[in-house]
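Atoms within each ligand, like the ligands themselves, are counted from 1 in listed order. Side chains included, hydrogens not; waters and symmetry mates left out as well; all remaining heavy atoms used.
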Amino acid sequence: MADLDRIRAALRDESLEGIIIARPEDRLWASGFSGSAGTVLVTLDDAVLMTDFRYTEQAAAEAPGFRIVEGKPEGDVLPQIVMESRASRIAFDPSYATVLWFERLKHQLTGVDLVPCERLLVGLRARKTASEIDLMTKAAVIADNAFMTVLAKIRPGTSERDIALEMEFLMRREGAQRLAFDIIVASGKRSSMPHGRASAKLIEEGDFVTIDYGAEVSGYCSDATRTVVVGRASEEQRRVYELVLRAQTSALDAIGPGKDCAAVDAVARDIIKQAGHGEHFGHTLGHGVGLAVHEMPSLGERSAGVALVPGNVVSVEPGVYVPGWGGVRIEDLVAITEDGYKNLTHVPKHLIEIG
Ligand code: ZN
Ligand code: ZN
């Protein structure tokens with residue numbers, strides 16, 4: 001959760017007097033309020049959470065630093081509260097607002113500049129506090145335990161969907177409020193699809209099985225991937241697996257505070273390219289994770305000049321996907337610390353041969 005002082009300092013840096021926060025993850029981060037409807041206004045001297053009748057009691061309990069105002073934010077309450085605040089330069093997130101929302105609000109406000117400000121909260125959210133990292137660590141432990149348990153269920157004849165369902169059950173039983181995303185189970189030739197949803201396909205002897213899984217605890221997500229093989233690995237499977245593993249561990253060796261996001265990506269990418277598989281690694285090395293499963297910072301070529309800072313939590317997930325043959329991805333979730341990183345993923349990383 002946020003510290004209002006950090007939000008206000010960022011507002012002052014941008015010569016802003018307030019910010020309207022409507023995106024659910026941002027609202028939860030800024031206020032602690034976990035309900036499904038509401039809008040927050042933070043100004044330099046006030047913090048207001050507007051929500052409807054269903055949520056006022058919950059809002060008062062979850063967002064103690066906020067003034068709770070009952071009313072539908074899509075009605076008159078938001079312009080009224082903004083006008084009362086007397087703030088004249090107010091930020092909003094154009095990547096979340098609709099044209100309808102913006103046009104209506106603009107007509108209702110007089111003497112107020114609505115300033116599009118896409119990156120302010122994204123930047124603040126990218127630097128996690130210790131308690132945020134604790135929640136992500138909890139989510140990662142629940143998810144890893146489910147993965148280790150489900151390994152015993154992977155055998156020829158089991159469907160990808162059954163493996164995903166079993167994992168979901170295990171995670172939720174152990175305290176995950178929900179899945180961080182739909183579990184990916186991609187086996188055999190399907191493992192060449194980086195985001196192959198679990199299907200009705202049955203597992204076969206010799207299949208690679210890629211499982212990408214994450215749990216959510218108090219809104220915070222985990223994200224990890226392992227690829228295992230059913231039966232004995234072929235020479236080719238072992239060669240590709242060892243390549244991805246070397247790319248992954250080398251990227252981890254290169255990660256830490258002050259390291260350039262594109263340079264970390266390049267470490268893994270160069271290893272995969274040199275082995276002749278450059279075209280088979282078509283996504284970025286990693287992404288920030290937090291209240292959303294994809295947030296800032298991104299570890300990729302386009303993030304040149306962006307340095308990692310303590311509190312960033314990023315995935316490190318190189319992959320090699322060969323169409324018509326199969327693929328391997330190995331993904332850990334790491335928190336950047338003052339002197340390096342802490343790995344939140346604890347499942348084994350060697351090639352597991354099942355059966
Ligand atoms: Zn993942
Ligand atoms: Zn990921």
Do the side-chain N and O atoms of Arg329 and Tyr321 include a donor-acceptor pair separated by under 3.5 angstrom? yes
Please name the atom of His287, restricted to N, O or S, that is closest to the Zn ion (ligand 2). NE2
Just by distance, no angles: are the side chains of Glu160 and Ser187 close enough, under 3.5 Å, to form a donor-acceptor pair? yes
Of all N, O or S atoms in Asp223, which has the smallest distance to the Zn ion (ligand 1)? OD1
Is the distance from the Zn ion (ligand 1) to the nearest N/O/S atom of Glu317 under 2.8 Å? no
Rounded to 10°, how many degrees is the angle OD1/Asp212-the Zn ion (ligand 1)-OE1/Glu331? 100°
Given 3.5 Å as the limit, does a donor-acceptor pair link the side chain of Asp207 with the main chain of Glu204, or not? yes
Establish, from distance only, whether the side-chain atoms of Ser34 and Glu62 form a donor-acceptor pair under 3.5 Å. yes
